[in-house]
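A short worksheet on the structure shown next.
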Amino acid sequence: MPLFGTTILSFIPGWSADSGRFAIEKTAEYGFDMLEIILPASLDFDAKKTKKLLDKYGILGRCTLNLPANCHIPFYPEQATAIMKSAVDKVAEMEGDFLGGVLHSAIGTFTGNSCTLNEKAIIKQVFSEVADYAQKHDITIAPEPINRYESYVFTAAEEVLEMIESIGKPNIGLHLDTFHMNIEEKNFYEPIIQAGNNLKHVHITESDRGMTGEGNVHWGDFFKALGEIDYQGPLVLENFSSEIKELVGSTSLWRPSKYNSEDLAKGSLLFMRNMVDKWYK
């Protein structure tokens, strides 16, 4: 069965030592198996101490990273390579085996054009080098395609899958997010089937980032596909409550949320469990 996880954004706007402890405590209290830790761009993160805390509360941890503006791969390939390698080091220190997130571009950075062949070549070169580095630690890296309003580089599953095939490294996978799929994919079934064993990490979130099951995501198609490929990786909740004031601007929560963060997390966890029970054989 898949693991049921949530991100730190269910509890805190960003990682720090004190807020991280709170997020770990709440993750365990609410009944999740795993916490996704979004690494700060500064990489000011005590991986060994965090691993001890995760073990203390009996939950797993996975790391993701969103590239900052000064590491947008097409503009700054050397900086991007360096920060991803440093993030891999943090994962290794935490005894982890995975690094996901928006690893292909800086959110909100655009050229006004589609991703060019030259840019794609640069991106592939960076991922090839980082994959080789990560392989030394038995770590898989998995970029997350995001919607057209946040990036022009990877916006759909097929683009990441094409890079995976082109590079031919065994430790590059795909990280999907239902919020972005709802905007960019034709449906919720085919990208999962197409990804197959390349799918390594999934963000579960509703079309409006609210309670799962109360929006436009076609959850039946989505979980049916996950069941058919027998996806055993984490299903990670990534919805937001405006109760956490610091998230309002960064996640465009311009209307007050219907649910507080606790009800949102617990309700969505129950929804995920019910869908897995229904669609996994």
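Excluded from the calculations below are hydrogen atoms, water molecules and symmetry mates; all remaining heavy atoms, backbone and side chain alike, are included. Everything numeric here is computed off the predicted structure, so don't read it as measured data.
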Could you tell me if the side chain of [Y] sits less than 4.5 Å from the side chain of [X], heavy atoms only?
{"X": "K56", "Y": "R21", "result": "yes"}
{"X": "T50", "Y": "I24", "result": "yes"}
{"X": "L54", "Y": "M94", "result": "yes"}
{"X": "Y30", "Y": "T6", "result": "no"}
{"X": "P234", "Y": "F98", "result": "no"}
{"X": "M275", "Y": "M272", "result": "no"}
{"X": "F154", "Y": "L103", "result": "no"}
{"X": "K258", "Y": "M211", "result": "no"}

With a 3.5 Å distance limit and no angle check, can you tell me whether [X] reaches the backbone of [Y] through a side-chain donor-acceptor pair?
{"X": "N187", "Y": "E190", "result": "yes"}
{"X": "E184", "Y": "T155", "result": "no"}
{"X": "H180", "Y": "A156", "result": "no"}
{"X": "D33", "Y": "F4", "result": "yes"}
{"X": "E246", "Y": "I12", "result": "no"}
{"X": "H175", "Y": "H201", "result": "no"}
{"X": "S242", "Y": "V248", "result": "no"}
{"X": "E206", "Y": "V217", "result": "yes"}

Is it the case that atom [atom1] in [X] sees more than 12 heavy atoms from other parts of the structure closer than 6.0 Å?
{"X": "Q79", "atom1": "CD", "result": "yes"}
{"X": "N197", "atom1": "CG", "result": "no"}
{"X": "Y149", "atom1": "OH", "result": "no"}

Taken in chain and number order and not counting sequence neighbours, the residues that satisfy side-chain hydrogen bond (donor to acceptor under 3.5 Å, both in side chains) with R273 are none
With sequence neighbours excluded, residues passing side-chain hydrogen bond (donor to acceptor under 3.5 Å, both in side chains) with K124: E162, S166
[X] side, atom [atom1]; [Y] side, atom [atom2] - distance, nearest 0.5 Å:
{"X": "N239", "Y": "S257", "atom1": "CG", "atom2": "OG", "result": "9.0 Å"}
{"X": "T140", "Y": "Q135", "atom1": "OG1", "atom2": "CD", "result": "7.5 Å"}
{"X": "I141", "Y": "T64", "atom1": "CD1", "atom2": "OG1", "result": "13.5 Å"}
{"X": "S86", "Y": "L39", "atom1": "OG", "atom2": "CG", "result": "10.5 Å"}
{"X": "I8", "Y": "W15", "atom1": "CD1", "atom2": "CH2", "result": "7.0 Å"}
{"X": "K51", "Y": "E93", "atom1": "NZ", "atom2": "CD", "result": "13.0 Å"}

[X] versus [Y], closest heavy-atom pair with distance:
{"X": "P143", "Y": "M163", "result": "CG-CE, 4.1 Å"}
{"X": "V160", "Y": "G173", "result": "CG1-O, 4.0 Å"}
{"X": "C63", "Y": "F45", "result": "SG-CE2, 4.4 Å"}
{"X": "L65", "Y": "A87", "result": "CD2-CB, 3.8 Å"}
{"X": "A80", "Y": "L67", "result": "CB-CD1, 4.4 Å"}
{"X": "I244", "Y": "S10", "result": "CD1-O, 3.7 Å"}

Quickly, which of W279, F271, Y189, F188 forms a ring pair (Phe, Tyr, Trp, His ring centres under 6.0 Å) with W219? Name it, please. F271
Under 4.5 Å between side-chain heavy atoms, hopping through other hydrophobics if needed: is there a path connecting [X] to [Y]?
{"X": "Y133", "Y": "I122", "answer": "yes"}
{"X": "F222", "Y": "I183", "answer": "no"}
{"X": "L253", "Y": "Y259", "answer": "no"}

Would you please test I146 and D177 for side chain to side chain contact (heavy atoms under 4.5 Å, CB included) and show each step? CA-CA 8 Å; I146 58 176; D177 183 312; over 6 Å; no
Does the pair L226 and Y280 meet the rule for a side chain to side chain contact (heavy atoms under 4.5 Å, CB included), with working shown? CA-CA 8 Å; L226 290 177; Y280 274 68; 3.5 Å; yes
Is the F240 to F179 ring centre distance short of 6.0 Å? no
Under the side chain to side chain contact (heavy atoms under 4.5 Å, CB included) criterion, do N171 and I139 qualify, and how do the steps go? CA-CA 7 Å; N171 63 321; I139 290 170; 5.8 Å; no
Regarding E36 and H203, do their side chains bring together a donor and an acceptor under 3.5 Å, going by distance alone? yes
Is any side-chain N of the basic residue among E129 and K85 closer than 4.0 Å to the acidic one's carboxylate O? yes
Is R209 salt-bridged to E238, going by a charged N under 4.0 Å from an acidic O? yes
Under 4.5 Å between side-chain heavy atoms, chaining through other members, with only Ile, Leu, Val, Met, Phe, Trp and Tyr counted: pull out the rest of the cluster around M34, sorted by chain and number. L3, L60, V236
How far apart are the C-alpha atoms of E150 and V102, what are their side-chain angles, what is the distance that settles it, and do they pass the side chain to side chain contact (heavy atoms under 4.5 Å, CB included) test? CA-CA 10 Å; E150 297 182 27; V102 187; over 6 Å; no
